[in-house]
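Sequence lines set the chain letters: A, B, ... in the order given, protein chains first and strands last, and positions in each chain run from 1.
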2 protein chains.
Amino acid sequence: MRPPSSTDVARLAGVSQSAVSRTFTPGASVSPETKTRILAAAEELGYTPTALPRIMQTGRSSIVAIVVGGLYNPYFMMALDAFSTSFQAAGNHVMIVRAESDSALDDIVGDLARYRVDAVVSALSIRSQAVADTLTNFKIPVVTLNSGITSETISTVSSDNHGAGELAARLFTERGRRRLGYLAGHDSRPQTDREAGFFAGAEALGQPAPLRAVAGFDYADGRAGALALFGGPDRPDALFCVNDLVACGAIDALRDELGLRVPEDVCVIGYDDIAMASWGAYRLTSFNQDIPALLRGVEAILAGTVSERAILVPPRLIERATAGWPPPPS
Amino acid sequence: MRPPSSTDVARLAGVSQSAVSRTFTPGASVSPETKTRILAAAEELGYTPTALPRIMQTGRSSIVAIVVGGLYNPYFMMALDAFSTSFQAAGNHVMIVRAESDSALDDIVGDLARYRVDAVVSALSIRSQAVADTLTNFKIPVVTLNSGITSETISTVSSDNHGAGELAARLFTERGRRRLGYLAGHDSRPQTDREAGFFAGAEALGQPAPLRAVAGFDYADGRAGALALFGGPDRPDALFCVNDLVACGAIDALRDELGLRVPEDVCVIGYDDIAMASWGAYRLTSFNQDIPALLRGVEAILAGTVSERAILVPPRLIERATAGWPPPPS
DNA sequence: CTGAAAGCGCTTACAG
DNA sequence: CTGAAAGCGCTTACAG
């Protein structure tokens, strides 16, 4: 019981299979009469042409794969939403692949290669040269977000995490804060860059080295991390968090568990500018990664209209109440 | 410059194309020696077999499509995460399709039919019989979430929205609340059912008809809706919201703009049990749709291990601070 | 175990 | 404008 083919339609309409093919190929030449007859036959059989033979013929599937490592962070949603909408608008289909860890990336891309996807965009970064080499062998264009390694086929588009970290340190300093704190995520490229930028910025401004605790990437991690960081005698008066989820958790812990006020006692800055950052309960100052710009970078690379293999996108600082007022001179 | 084919590998290894095919078919018979030779040749050429011919041959693509209407709601994330993870674990690939509106569903499925997807799961509901008829013609299994219409090929798995609405009314009543309010979403199946259940429950319990305002589905809608609903003289003392995003917006507006306490002045219940519902700033009582159960329903339908075309999943009430204490006798 | 051949359902020159 | 035929890259009986 397989779906009807163009041959089935041709038989019913009393024409050649080629005629049927042309009828469903925009711009191909078919006389109005035969076209009508063919469409009627197709309708009767419930015929829908397969895209598969064309993909085999052309080698282009019009499928782009997006690899994500977990969808709990609303930031991934925003990115996925923007990317899939744009790719679809350009006539592509989007395959989404959930990966447990970035070390699985070579297996995943190998699997994707069997479907002849045109490109893969990965929210997971490539962390070893071995994986990069394997990926390169597949000869399918890979664009990673917030990653580092590049190759003949691997490019990367990143938020300027380091620059944002520096800016956070400067902002706190301009607000008169002297005891900076940092809540880190698990080891990863963006985490490392944000932290390095923050520490470098603090040092350049003559600040003592920020206090630091490892949290993670989720709300609960932020709560626990804040408790750990504020458990000692020398509490920070300014806190930069690896992302907004962690910042929200930290703020709630600061307020509910430690009785501290934000921003009076502790200034807080996050990263990603997720929807919740603007919610009344938080009003979190944050860095917006500028997803449209990230997307433009990815599209430029895939379209080949740009020669760089690494594009850095400056994030936009979104000022809200948690970092205190007035805004710094800009 | 197309990727190497099995024929290329065969030529290099000095064997037939069939032998190459068998080498990459688990369980097929090839002698260890030729297999080794073929794998070496494949390695040298960077050969990856295409899945396309097999799809053509078998008619099964192992691709299931998930149609979503916008990813702003963390609930969609949780669902997408659970569904895609499970489908992948079962050896399928997931295509994600963003749709602007449910009226586009027939075009979308038509497009998907060209890729011979095995099934489509839609977060968008089918709202007209015409669309249902078109979909049915494609003969590809469609499972909609929280929808209504079914057909030979269309099934639906829903949270028991009506039952949850009734339960919300009962809970408020048991908490001694007498002026119920409802914040509605835009017209849609789950919205209608939740509201109808809430009103029916209120009536059955001898409550006056709840006050009502149309909000929408997002945080800002909740804020505006709460302001509208509480703008009059007769303010509700209990508020059921079409979803958690709306409930969070309403709570913030109640607290920040109207100076009301939650739950002392107003009890609030939401729907979806998104991550933010459990955050310290909200502690929102909500209905958890039980995504694993929803998923089991979808899988049972697609596997054909169940004959129903409409499965109703009871949601789980998650009690938190916003609906007041103590919990109702259960 | 191995190879030649047909076939999956289209597209694309090529004739007519 | 229309049809016969080759070809995309595999899988799958069928012989050997």
Side-chain angles (χ1 to χ4, degrees), chain A residues 1-39 41-42 45-63 111 113-118 138-140, chain B residues 1-39 41-42 45-63 111 113-118 138-140:
Chain A
M1 239 323 317
R2 42 172 58 261
S5 68
S6 57
T7 308
D8 297 327
V9 175
R11 184 165 24 231
L12 180 60
V15 296
S16 72
Q17 182 271 328
S18 316
V20 177
S21 176
R22 287 190 206 101
T23 299
F24 288 90
T25 304
S29 68
V30 217
S31 73
E33 303 86 72
T34 67
K35 183 164 193 170
T36 308
R37 199 137 46 91
I38 289 172
L39 287 175
L45 296 177
Y47 169 69
T48 308
T50 314
L52 272 15
R54 165 162 17 210
I55 297 175
M56 276 181 53
Q57 226 100 17
T58 63
R60 303 201 69 248
S61 63
S62 294
I63 295 176
D111 182 51
R114 315 182 94 251
Y115 281 80
R116 294 293 186 257
V117 301
D118 291 343
F138 288 121
K139 297 192 174 48
I140 119 162
Chain B
M1 235 328 312
R2 41 172 59 260
S5 69
S6 56
T7 308
D8 298 327
V9 176
R11 184 166 23 231
L12 180 61
V15 297
S16 72
Q17 181 272 327
S18 316
V20 178
S21 175
R22 287 191 205 98
T23 298
F24 288 91
T25 303
S29 67
V30 218
S31 73
E33 303 86 72
T34 67
K35 184 164 190 169
T36 308
R37 200 138 45 92
I38 289 172
L39 286 176
L45 296 177
Y47 169 69
T48 308
T50 314
L52 270 17
R54 166 162 19 209
I55 298 175
M56 276 182 52
Q57 226 100 16
T58 63
R60 304 201 69 247
S61 62
S62 295
I63 296 176
D111 182 52
R114 316 183 94 252
Y115 281 79
R116 294 294 186 257
V117 301
D118 291 342
F138 288 120
K139 297 193 173 49
I140 121 163

With a 4.5 Å cut-off on side-chain heavy atoms, are B/Phe24 and B/Leu39 touching? yes

With nearest nucleotides of DNA chain D determined for A/Lys35 and B/Pro53 from heavy-atom distances, which residue corresponds to the more 5′ nucleotide? A/Lys35

Quick check for you: among D/dT12, D/dG9, C/dT2, whose closest atom lies nearest to any side-chain atom of B/Thr34? C/dT2

Kindly say whether A/Ala28 contributes a backbone atom to a donor-acceptor pair with the side chain of A/Thr25 at under 3.5 angstrom? no

Relative to the 5' end of DNA chain C, which residue comes earlier, B/Glu33 or B/Gln57, by the nucleotide with the nearest heavy atom? B/Glu33

If you check every side-chain atom of A/Val15, which of D/dC1, D/dC10, D/dG3 has the closest atom? D/dG3

How close or far is atom P of C/dC8 from atom OH of B/Tyr115, stated in whole angstroms? 22 Å

Does C/dC10 have OP1 or OP2 sitting under 4.0 Å from an N or O in the side chain of A/Ser6? yes

Result for side chain to side chain contact (heavy atoms under 4.5 Å, CB included) between A/Thr23 and one of A/Val15, A/Val9, A/Thr36, A/Val30 points to A/Val30

Pair A/Ser18, A/Ser21: side-chain N/O donor-acceptor within cut-off below 3.5 Å: no

Would you say D/dC1 has OP1 or OP2 under 4.0 Å from some side-chain N or O of A/Ser29? yes

In whole angstrom, give the distance that lies between atom CZ of B/Arg54 and atom P of D/dC10. 11 Å

Atom-pair distance (CG on A/Leu45; P on C/dG9), nearest Å: 13 Å

Report the nucleotide, chosen from C/dC10, C/dT2, C/dT12, that has the shortest atom-to-atom distance to any side-chain atom of A/Ser18. C/dT12

Looking only at C/dG3, D/dC10, C/dG9, the nucleotide nearest the A/Thr50 side chain is C/dG9

Just by distance, no angles: are the side chains of A/Ser6 and A/Gln17 close enough, under 3.5 Å, to form a donor-acceptor pair? yes

Could you say whether B/Pro32 or A/Arg2 is positioned toward the 5' end of DNA chain C, judged by the nucleotide with the nearest heavy atom to each? B/Pro32

Ignoring hydrogens and geometry beyond distance, is the side chain of B/Arg22 in donor-acceptor contact with the base of C/dG3 at under 3.5 Å? yes

Give the rounded distance in Å between these two atoms: CG of A/Leu52 and P of D/dC10. 14 Å

What is the separation between atom CE on A/Met56 and atom C1' on D/dC10, rounded to the nearest whole Å? 6 Å

Round to the nearest Å and state the distance from B/Ile55 atom CD1 to C/dG7 atom P. 22 Å

Name the pairing partner of D/dA13, where a pair is Watson-Crick or G-U wobble with both distances under 3.5 Å, or state none. none

I need the CZ-C1' distance between A/Arg116 and D/dG9, as an integer number of Å. 9 Å

Which of these nucleotides, D/dT11, C/dG9, D/dC1, is closest to any side-chain atom of A/Ser5? C/dG9

So for B/Gln17 and C/dG3, does any side-chain atom that can act as donor or acceptor lie under 3.5 Å from a complementary atom in the base? no

Would you please say whether a donor-acceptor pair under 3.5 Å links the side chains of B/Thr50 and A/Arg116? yes

Taking only side-chain nitrogens and oxygens of A/Thr7, does any of them come within less than 4.0 Å of OP1 or OP2 of C/dG9? no

Can you tell me the distance, in whole Å, between the CZ atom of A/Arg60 and the C1' atom of D/dC8? 16 Å

